Amino acid sequence: MHRLRTCAARLRPLTASQAAQTVGQQQRPITVTSTGGVRTFQPIRCYTAPVASEPFLNGTSSNYVEEMYYAWLENPKSVHKSWDVFFRNANAGAPPGAAYQSPLGLTAASSLAAPQLSSLVGAQPNVEKLVEDHLAVQSLIRAYQVMGHHNAQLDPLGISCVNFDDAPVNTGFQDVGFYGLDESDLDKVFRLPTTTFIGGSESALPLKEIIRRLEMSYCQHIGVEFMFINDLEQCQWIRQKFETPGVMQFTLEEKRTLLARMVRSTRFEEFLQKKWSAEKRFGLEGCESLIPALKTIIDKSSENGVENVIMGMPHRGRLNVLANVIRKELEQIFCQFDSKLEAADEGSGDVKYHLGMYHRRINRVTDRNITLSLMANPSHLEAVDPVVQGKTKAEQFYCGDNDGNRVMSILLHGDAAFAGQGIVYETFHLSDLPSYTTHGTVHVVVNNQIGFTTDPRVARSSPYPTDVARVVNAPIFHVNADDPEAVIYVCKVAAEWRATFHKDVVVDLVSYRRMGHNEMDEPMFTQPLMYKQIKKQKPVLQKYAEKLIAEGAVTRQEYEEEIAKYDKICEEAHARSKDEKILHIKHWLDSPWPGFFTLDGQPKSMSCPSTGLTEENLNHIGQVASSVPVEDFTIHGGLSRILKGRAEMIRNRTVDWALGEYMAFGSLLKEGTHIRLSGQDVERGTFSHRHHVLHDQNVDKRICIPMNHLAPDQAPYTVCNSSLSEYGVLGFELGFAMASPNALILWEAQFGDFHNTAQCIIDQFICPGQAKWVRQNGIVLLLPHGMEGMGPEHSSARPERFLQMCNDDPDVMPAITEDFAVHQLYDCNWIVVNCSSPGNYFHVLRRQILLPFRKPLIIFTPKSLLRHPEARSSFDEMLPGTHFQRLIPEAGVAAERPEEVKRLIFCTGKVYYELTKERKNRGMEGSVAIARIEQLSPFPFDQVKSESERFCNADLVWCQEEHKNQGYYDYVKPRIRTTIQRAKPVWYAGREPAAAPATGNKNTHLMELRRFLDNAFGLDAFKDQQ
Ligand SMILES: Cc1ncc(C[n+]2csc(CCOP(=O)(O)OP(=O)(O)O)c2C)c(N)n1
Ligand SMILES: [Mg+2]
């Protein structure tokens, strides 16, 4: 082995510097004219090792020679005789230029008898020409591998507008001149490089055959895009899959299964069209091979050990996928077309082509159990992508599937959406991150070459709709969807790729859309020529059936029977569907939580136990929070001080914000609840207060997460800095939270205002998710918020937006029952809180898990309060028996003689501290009471009522630091008014309405603060408004 390397190394050209030293030895370049133009070769006589000083060796050719050399070492007969002689001489130490000898016995006479061999030696020992031609062939092979897909016949309509601009593809017989070859070379035999598999068991082929085989591999109905992948093993793997002669052979059984699947796919759409021709269904016509494609990916993956497949897809073909891939009962699908169907579940429900589904069944091909789920999704194209990934990650995490061998995701896309939606890119960028990878997703694009009414020519700037996948080096298999066997083949390869490399892969089904965007649309308005062609297009099922009948794989009768069989299944299901009178959305759940609810889907109780902890427990968690639980670990000096500070607080039985969070997380972990905190820079915390991951100052990548050193039987704590994405990462965490109710999943925005780049996840999933899809979710959003003079950015987490989307009625006073607080939570669509103390933050986090149901929780979190000396809580507020306080009533001087209080100020969050300071400065502790509404929604009607009744002679003020058209005012005012039966006005003290969330000028900020504090404490301030 060593000898081989040394000898091969001696054959390498010099480096540039070495060449410079020996430049004097160089000879004049040789110029060769060929059909491809003029080529110049430098006869580099500058090798230090005399044996390698051959005129034909330059940088590129030496690679070729090296390859020959290895082949020769393995078997001297595998190379041409001339090489054999050359290597023998070189090995024997022949002087420069002398290693080559014209091989004896290969004369012009023998060349007549063996035309192929003669071509190598040719008219004589023109070794340069020999190497040149071999290199040319190598380049030609490479050209096919790189660009063969440009010439593949991918478009069933033959009108593809994929534009490769200035990238001409020089392949085929007619273009050999480009490589310096000519027609007379077509019959010459060339040795194949190791970077191709077209030879099968042959190591050399005539040029003509090389081209034919390359055309077969790269320019038929499959276009393989992979040469951008910078991993040799992966490239070789793909080459082997597509180049090996005869790889695309199908057994008779496989062909018949494929035909049966095509029958189901096609006849399902036809059945729906026949029965409900005026209903939208976003049919699959024109891309019917999607169904066998997905089934193949699933079969293959099941064969490779996958037990759970989580899928996300848009509207196109969704009903077909539900029926024929997930195997939802047909009557359940058909009954949804009945407009008289009554909804059995509370909530809005959703249209049929958005609902999700979960099904466990036996895979008929592998005879193994497989769970298939299709995630419910909104109309917003591609929004479900990160959600699917998060759910997949969670399923992998909870079953200990560290490499994604048992759980996988499949994502379907439309061509326009895949290219146009940025979330696709964000999702791809999660695919290889340690805390976010799902170990490879198979992406399938239904590329019908149109998006609604828009041509790809104006819908994207890249040649293919799939180019976005190149950023993660995912191979892309384009395939003509009118060739079902080619489709099945690429799907097999895609599934194998995922199982082998655990990386993403894309299948691009190049197809067409037979109808309009939906079945009522007229496509000829906008795509007249395309649709003229489509009208002429023979349906793929018909084409494939005719092919198989012609081959004798099936008889016409068998084919017709298959159709009749499926039509009968549909008819019978349709008859049964008429008995369905009620639509249960819960039958369309994509993520059931068995065991968490009662059998009929209700919470097991309607109460929430105390969220407090024992003193011992608080002390224990506090100690972990203020220490480094591993040996020989050097932390930063600044961090040592922080930990000392924590220890001091624990000794004093108090917590600040970071410790409050620690207590909540630590205790839940000890109780067996998994916690995952994700977002940008969450490990340390944007404001450097959290420090959940410690870094050894001396050892690279050595980290310690103390929260994972709490107890041997604790649940794991995952804290992970995310990519710089909100839409993708929030979607991911939402998906993660779907998998299990026994986990606290939190996403933290760097600053609260950044949540708006994830607005789609908030608006379409988090806010209405349960109403649309009867699916609960306990995700927590931590949104730093506060007007601290930092300018219009970074100040507001836009509480007004969250509050505007709460489903409680501002004008109806609810009946106050004993378990009102929990009932209210059960009925709401999400919980919105703004805690003013670390103790209350601690409680609300724990309550999130101790509640018998799950609701999204939005927490506006503080910035300056993280270090505010007054924003601390005593252990006393966190002991057993204590709870989250929805409203923190006035407990100071004003509470002693409430009837003498002139003003009751309601507020929330940080402004409380500004108000108490101002009240103290003004000496108004006895005349002004301040109550904090900690849980904004659902609104604590009961507690606001008792607080306002307690201070019965006080006027009422809502005070906020946000601008009037922002913040909480519009939400709280009508609710306070409803509570007090509109007996009094609710005055406003806060900033004036404004377009921006905050001023960029510090002085203006302070002036505004002064002004609204004056209003809040000026007992005559609202006289004029009365
Ligand atoms: C984010 C988003 N923007 C716009 C739309 C409206 N819309 C619905 S389908 C569609 C065209 C989708 O084209 P493509 O992705 O190619 O899927 P196809 O319908 O062709 O299968 C558009 C623009 C949407 N649903 N989501
Ligand atoms: Mg499309």
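Order of appearance sets the numbers: ligands from 1, and atoms from 1 within every ligand. Worth knowing before you read on, the calculation uses all heavy atoms, side chains too, and leaves out hydrogens, waters and symmetry mates. Bear in mind that the values here come from a model prediction, so they are computed numbers and not experimental data.
Note: Tyr489 and Phe242 have perpendicular aromatic rings, judged against thresholds of 30 and 60 degrees for the angle between ring planes. Ring pair His443/Phe418 is tilted by interplanar angle, where 30° to 60° counts as tilted.
Contacts between Asn448 and ligand 1 below 4.0 angstrom, taking non-hydrogen atoms only, involve the side chain exclusively. The part of Gln421 lying near ligand 1 is the side chain, judged by heavy-atom distances below 4.0 Å. When non-hydrogen atoms are compared, ligand 1 lies under 4.0 Å from neither the backbone nor the side chain of Glu382.
At a 3.5 angstrom cut-off on N or O pairs, Leu381 counts as close to ligand 1. Taking only nitrogen or oxygen atoms, main chain and side chain alike, Arg513 does not reach within less than 3.5 Å of ligand 1. At under 3.5 Å, a nitrogen or oxygen of Arg316, whether backbone or side chain, sits near a nitrogen or oxygen of ligand 1.
The O atom of Ile450, the Mg ion (ligand 2) and the OD1 atom of Asn448 define an angle of 90° (nearest 10 degrees).
Of the residues listed (Asp763, Asn756, Thr757), the one engaging Gln759 in a side chain to side chain donor-acceptor pair (under 3.5 Å) is Asp763, and it is the only one. Considering Leu509, Asp508, Asp155 in turn, Asp508 is the only one that fulfils the side-chain contact (heavy atoms from CB on, under 4.5 Å) rule with Asn447.
A salt bridge links Asp299 with Arg261; the closest basic N to acidic carboxylate O contact falls under 4.0 Å. A salt bridge links Lys543 to Asp482: at least one charged side-chain nitrogen sits closer than 4.0 Å to a carboxylate oxygen.
Looking only at heavy atoms of the protein, atom 23 (C) of ligand 1 is closest to Phe452 CD1, 4.3 Å.
When the Mg ion (ligand 2) is compared with the N/O/S atoms of Asp415, atom OD1 turns out nearest.
Summarising the contacts of atom 14 (P) of ligand 1 with Gly317, Gly286, Ala416, Cys760, the nearest heavy atom is found in Ala416.
For Tyr464 and His149, the distance between ring centers is under 6.0 angstrom. For an aromatic pair to be called close, the ring centres must be under 6.0 Å apart, and Phe334 with Phe271 satisfies this.
Contact analysis leaves His413 out of contact with ligand 1, as no non-hydrogen atom separation drops below 4.0 angstrom. In this structure, Ile450 has a heavy atom closer than 4.0 Å to ligand 1.
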